Amino acid sequence: MKVLDHIKEAKDTLISFEILPPLKGKGINAIYEHLDPLMEFKPSFINVTYHRSETMFKKKVDGTFEKVEVRKRPGTVGICAAIVNHYQVDAVPHLICGGFSKRETEDALIDLNFLGIDNVLILRGDAAKNEASFEPHPDGNRYGIDLLRQVGNLNNGIYLEEDIKNGGMTNFCMGVAGYPEKHFEAPNLQTDMDFLKAKVDAGAEYIMTQMFFDNKKFIEFVQKCRDNGIDVPIIPGLKPLSNKKQLNILPKIFHVDIPADLSNAITKAKTDQDVEKIGTEWLLQQSRELKEFGVPVLHYYTVGKPKIIYNVVKELV
Ligand code: FAD
C-alpha cells in the first residue's frame, strides 16, 4: 500500500521507521533482530536507506595501488523484498541519483515494480567521498527532481527505450526530502523552498524531512511550505541523541542545530546512561508535541539505538 494511502486512511498519527541495510557480509537476521521489537507498534511502513559505493585504493602484490569501487552495504531492492515478505509491512526504498545511470535506475524500478513495492523516496544523494561537490553519473540524473520525473514517466508507461510503445505503467508513490533548517548547499531557505515546490509540482506526493531537534523549526517550515502553496503531507524525521559525540557529529554531517537546553544537558551528563535518558526524554517530548500539532506520521531513524525508539513509542501510544 502507498504511503499516501496509509495517511489518507489513518485515524490517528502513524508510526514509521527507517533502517540501514546491513553491512556486506552480515545476514538479513541482523535486520530482523533490529526490527523485531519495533514491530509491536505496527509501523505503517519501513524505509530502507541507500548507500552509494566508495572509491578505495587497494594495494596490489607488486606494491602499486588499484582503484576499486567498494559498496559496503548492499542495495535496497532485496532488503525491501525481504522486509515485505517477512513482516507483511510496506517497505520504502530510498532511490538516489548519485552513482547511477538512468538505465540502471530504470532497471531497479522495474525490479521493485515486479516485487509489488509501490513506494520510493526520491533523493539526489550526497557527493561521493572523493568528490568536493556532487557530480551526477554522466548518464544519470542531476537533481532529485530529475529522478522524480524519471519515476513519473515510468508511472505513465514511458521508458527510456523509445522502442517500447504502450509500456506497462508502474504505480510508485513518490516521496521527496525536505529540510526544515535548509539544505546545506542552498543559498537561502526561500530558494530551497522554491526547488521543493518544483518537486511537488512535478508530482511528489509527500515530503519527508531531515532530522531536527527543535520542533519550532519544523513548525515554521510547515507554515512556510503552506505559504508557498505546498500542500502535500509533511512527515517529520526524528532521531534520538544517545552519546556525547553526536553533539558535534550530527551538525557536521546533517547540518542541523542542537538546541542549547539539550546540548547543555548532555554535556553535563556523567554517564552514557544519563545521556540516553536525556535523549529519550527529549525525543518523547518532541514526539508528543508533533502529534499534538497534527503531523500525519512520526518517522523514526532507528540506526544505532532501536531501544530508545522502542521506549519512546511505547510511552507515546
Ligand atoms: P535535491 O532536491 O536535488 O536538492 C539538492 C540541492 O540542490 C538543494 O540545495 C536544492 O535547493 C538544490 N536544487 C534543487 N533543484 C535544483 C535545480 N533545478 N537547480 C539548482 N539547484 C537545485 N542520501 C543518501 O545517499 N541515501 C539515503 O538513503 C538518504 N536518505 C535520506 C532521507 C531523508 C528523509 C533526507 C532528508 C535525506 C536523505 N539523504 C540520503 C540525503 C540526501 O541525499 C542529501 O541531503 C542530498 O544532498 C540532497 O538530496 P535531495 O533529494 O534533497 O536533493
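The model shown is predicted, which means the values in this text are computed figures rather than measured ones. Quick note: numbers below take in every heavy atom, side chains included, and nothing from hydrogens, waters or symmetry partners. Read the numbers this way: they start at 1 and go in the same order the structure lists the ligands and their atoms.
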I want to know if ligand 1 touches His183 in the polar sense, i.e. an N/O pair below 3.5 angstrom. yes
Would you check whether Phe134 reaches within less than 4.0 Å of ligand 1, judged by its heavy atoms? no
Is the closest N or O pair between Met208 and ligand 1 shorter than 3.5 Å? no
Check if Asp192 has a non-hydrogen atom at a distance under 4.0 Å from any atom of ligand 1. yes
Tell me: protein heavy atom nearest atom 45 (O) of ligand 1, and distance? Tyr179 OH, 2.7 Å
Any sub-3.5 Å donor-acceptor pair from Asp118's side-chain atoms to Asn171's backbone N or O? no
State, yes or no, whether a side-chain contact exists between Val92 and Val3 at a heavy-atom distance under 4.5 Å. yes
Is there any N or O on Gln210 that sits under 3.5 Å from an N or O of ligand 1? no
Between Thr302 and the options Lys307, His34, Lys239, the side-chain hydrogen bond (donor to acceptor under 3.5 Å, both in side chains) test singles out His34
Under 6.0 Å between ring centres, would you say that holds for Tyr50 and His94? no
Check this for me - ligand 1, His94, N or O atoms closer than 3.5 angstrom, yes or no? yes
Check whether any N or O atom of Arg124, backbone or side chain, sits under 3.5 Å from an N or O atom of ligand 1, and answer yes or no. yes
Can you check whether Thr209 has an N/O within less than 3.5 Å of an N/O in ligand 1? no
Checking a contact table here: which protein heavy atom is nearest atom 44 (C) of ligand 1, and how many Å away? Asp126 OD1, 3.3 Å
Of all protein heavy atoms, the one nearest atom 18 (N) of ligand 1 is Phe195 CE2, 3.6 Å
Under 4.0 Å between heavy atoms, the region of Leu123 that gets near ligand 1 turns out to be both
Tell me if a side-chain donor or acceptor on Asn119 pairs with a main-chain N or O of Met1 at a distance below 3.5 Å. yes
Would you say Arg52 touches ligand 1, if touching means a heavy atom closer than 4.0 Å? no
Please confirm whether Asp146 approaches ligand 1 to less than 4.0 Å, judged on its heavy atoms. no
Against ligand 1, does Tyr301 come closer than 4.0 Å with any heavy atom? yes
For ligand 1, is there an N or O atom under 3.5 Å from any N or O atom of Gly144? yes
